[in-house]
A.B. asks: 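Please read through the structure below; I'll follow up with questions.
Not measured: the values here are computed from a predicted model. Positions are given from 1, in the same order as the sequence printed here.
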Amino acid sequence: AGEGLPGLVWSSKRPCWVTDATGGAPFPPAYRRAHAGIKAVTGIPVIAGDSVVAVMEFCVLEPQKEDERLMGVVSAVATQLGTLFERKRAEEALRQSKERYRELFHQADQMQENLRHLSNKILQIQEEERTRISRELHDEVGQALTAVSMNLAILKKDVAPEAPGLLSMITDCPHSR
């Protein structure tokens, strides 16, 4: 929290007015050396949310009693500063949130584009596979029909003259002509 009056104000979260800053407590020696010649000092916390974010310290060279009106004005300023700190924090959080949203939106857009690309690729591969299977079936069926036609021609030539019923069956077959 720090030393001297700022440390005291920071840890207590309350304003403090010291009418005799020449005494020892609550000031450590290093603080007293840095504030040599100071007779009275006041510290006001600047609070944002529940946290002290700064301490305003005012020093005077003449002994001075606590001035409630001055403390009220400075405390009001500290409250406004605390509100400003809160607003700045909220603005930063909002900016970060917007940036994260933009990043997520961009990632979602990229994923959608990748999905479209993959879908198109799958459709292309499916079509190529259909075409390949069609060709294979066409070739296999064509070869089988050619073999049947050749076998029928052989039957017609060699066996049919001896079996007239078989000849009429072969002649009725569409691939035997």
A.B. asks: What's the separation between atom CG in D109 and atom CG in N114, rounded to the nearest 0.5 Å?
C.D. replies: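 Between D109 CG and N114 CG, I get 10.0 Å after rounding to 0.5 Å.
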A.B. asks: Working to the nearest 0.5 Å, report the span between OG1 of T19 and NZ of K65.
C.D. replies: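 If I round to the nearest 0.5 Å, the distance is 9.0 Å.
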A.B. asks: How close do G43 and V9 get, counting heavy atoms only, and between which atoms?
C.D. replies: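 Nearest pair, atom of G43 first, then V9: O-CG2, 3.7 Å.
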A.B. asks: Take Q126 and L123 through the side chain to side chain contact (heavy atoms under 4.5 Å, CB included) test and state the conclusion after the steps.
C.D. replies: CA-CA 5 Å; Q126 285 176 336; L123 290 173; 3.6 Å; yes
A.B. asks: Could you tell me which non-hydrogen atom of W17 sits nearest to which non-hydrogen atom of M71, and how far apart they are?
C.D. replies: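 That closest heavy-atom pairing would be CE3-SD, 3.4 Å.
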A.B. asks: Determine yes or no for a side-chain-to-main-chain donor-acceptor pair under 3.5 angstrom, with S97 supplying the side chain and A93 the backbone.
C.D. replies: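 Here the side-chain-to-backbone pair does not exist.
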A.B. asks: Would you call E113 and R116 a salt bridge, taking side-chain N to carboxylate O under 4.0 Å as the test?
C.D. replies: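 Salt bridge flag = yes for R116 with E113.
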A.B. asks: Take K88 and E92 through the side chain to side chain contact (heavy atoms under 4.5 Å, CB included) test and state the conclusion after the steps.
C.D. replies: CA-CA 6 Å; K88 288 297 180 183; E92 178 61 20; over 6 Å; no
A.B. asks: Any salt bridge linking E127 with R130? Criterion: basic side-chain nitrogen under 4.0 Å from a carboxylate oxygen.
C.D. replies: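 Salt bridge: yes.
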A.B. asks: Hey, could you give me the CZ/CD distance between R100 and Q96, rounded to the nearest 0.5 Å?
C.D. replies: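 Reported to 0.5 Å precision, the distance equals 11.5 Å.
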A.B. asks: Assess whether salt bridge (charged side-chain N to carboxylate O under 4.0 Å, His left out) is satisfied between R89 and E86, documenting all intermediate values.
C.D. replies: CA-CA 5 Å; R89 282 183 183 167; E86 286 178 350; over 6 Å; no
A.B. asks: Check for a donor-acceptor pair, side chain of S12 on one end and backbone N or O of R14 on the other, with a separation under 3.5 Å.
C.D. replies: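 Indeed, once roles are kept as given, a pair shorter than 3.5 Å links the two residues.
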A.B. asks: For the residue pair S75 and P15, what are the closest heavy atoms and their distance?
C.D. replies: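 For S75 versus P15, the nearest heavy atoms are OG-CG, 4.1 Å.
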A.B. asks: Spell out, as yes or no, whether a donor-acceptor pair under 3.5 Å connects the side chain of T42 to the backbone of F58.
C.D. replies: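 No, the answer is negative, given that no donor and acceptor are paired below the 3.5 Å cut-off.
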A.B. asks: Closest heavy-atom contact between A78 and V46?
C.D. replies: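 That would be O-CG1, 3.7 Å.
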A.B. asks: Backbone N or O of L145 within a donor-acceptor pair of the S149 side chain at under 3.5 Å?
C.D. replies: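 No; zero donor-acceptor contacts below 3.5 Å.
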A.B. asks: Looking at NZ of K121 and CD of Q124, how far apart are the two atoms once the value is rounded to the nearest 0.5 Å?
C.D. replies: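 With rounding to 0.5 Å, NZ (K121) is 5.0 Å from CD (Q124).
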A.B. asks: For residues V55 and W10, report the shortest heavy-atom separation together with the two atoms involved.
C.D. replies: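 Minimum heavy-atom separation between V55 and W10: CG2-CE3, 3.6 Å.
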A.B. asks: Are E136 and R132 ion-paired here, with the side-chain N under 4.0 Å from a carboxylate O?
C.D. replies: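 R132 and E136: salt-bridged.
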A.B. asks: State whether E91 and R87 are salt-bridged, where the test is any N-O pair (Lys NZ or Arg NE/NH1/NH2 against Asp/Glu carboxylate O) under 4.0 Å.
C.D. replies: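 Result for this pair is yes, salt bridge flagged.
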A.B. asks: Hey, could you give me the CD/CD distance between E68 and E66, rounded to the nearest 0.5 Å?
C.D. replies: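 Here the interatomic distance stands at 6.0 Å.
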